[in-house]
Amino acid sequence: MHTYNTLTLAEAHLMLDAAQKKAEELGVPEVLCVADNAGYPIALRRLDGGKVTSVQIAMNKAFTAAGHRKRTDNYKQHGGRFTVFVGGFPIMVDGQCVGGIGASGGNGEQDIACCEAGIAAFIATLKK
């Protein structure tokens, strides 16, 4: 039997809060998603003005990053829920993937900045 760690709802919201703060600093109406270690959404946040089409994209980014344990921009081909768009990151703790975060709505650099802000906030809580 395997034991896996995954994110809690509180941890997902902590990351979404930090990612939202970054999006607001950048002036970008992002859609943000945090997924569990299997890639399924724990929490989704569509900021005011966030595109309806960005919802599925953000979810797919989080799914792909968590499921494959790599950033989504590492891939060149896609199909179905698997996405290669910039802005999906696995969330790693002690070498184990505990979830994924995806952002959609800005350009690649903006999506990356929001994901990185969310992960940084989470990692900071682990150091306490």
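Side-chain atoms are counted along with the backbone in the values below, which use heavy atoms only and exclude waters and symmetry mates.
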message: Quick check against the 3.5 Å criterion: does Glu24 have a side-chain atom that pairs as donor or acceptor with the backbone of Lys21?
response: no
- prompt: Within a strict 4.5 Å, meaning less than it, do heavy atoms of the Leu44 and Val55 side chains meet?
  reply: yes
- prompt: Is a donor on one side and an acceptor on the other found under 3.5 Å between the side chain of Glu30 and the backbone of Ala23?
  reply: no
query: Got a donor-acceptor contact below 3.5 angstrom from the Asp36 side chain to the Gly99 backbone?
result: no
query: Counting distance only, does the side-chain N/O of Thr6 pair as donor-acceptor with the main-chain N or O of Asn37 below 3.5 Å?
result: yes
query: Any donor and acceptor pair, going by atom type alone, linking the side chain of Lys61 with main-chain N or O of Val86 inside 3.5 Å?
result: yes
query: Heavy atoms, side chains only, cut-off 4.5 Å: are Arg45 and Val31 in contact?
result: no
message: Within this structure, what is the CG-CG distance for the pair Leu26 and Asn107, rounded to the nearest 0.5 Å?
response: 8.5 Å
message: Donor-acceptor pair, distance only, cut-off 3.5 Å: does the side chain of Thr64 make one with the backbone of Asn60?
response: yes
field: ILVMFWY network linking Leu32 to Val52, side-chain heavy atoms under 4.5 angstrom
entry: no
query: For Tyr40 and Met59, what are the C-alpha separation, side-chain angles and deciding distance, and is it a side chain to side chain contact (heavy atoms under 4.5 Å, CB included)?
result: CA-CA 8 Å; Tyr40 291 93; Met59 289 172 38; over 6 Å; no
field: Donor-acceptor pair, side chain of Lys22 and main chain of Ala113, under 3.5 angstrom
entry: no
Gap between atom CG of Leu126 and atom CG of Asp94 - 0.5 Å precision: 8.5 Å
query: Between Ile101 and Phe122, is any pair of side-chain heavy atoms under 4.5 Å apart?
result: no
query: How far apart are the C-alpha atoms of Arg71 and Ile112, what are their side-chain angles, what is the distance that settles it, and do they pass the side chain to side chain contact (heavy atoms under 4.5 Å, CB included) test?
result: CA-CA 10 Å; Arg71 290 172 49 152; Ile112 287 170; 3.8 Å; yes
task: Using the rule that two of Ile, Leu, Val, Met, Phe, Trp, Tyr join whenever any of their side-chain heavy atoms come within less than 4.5 Å, decide whether Met92 and Phe89 are in one cluster.
output: no
message: Looking at Gly88, is its backbone amide N or carbonyl O close enough to the side chain of Thr72 to form a donor-acceptor pair, meaning the two atoms are under 3.5 Å apart?
response: yes
- request: Would you indicate whether the side-chain heavy atoms of Glu11 and Ile91 approach each other to under 4.5 Å?
  value: no
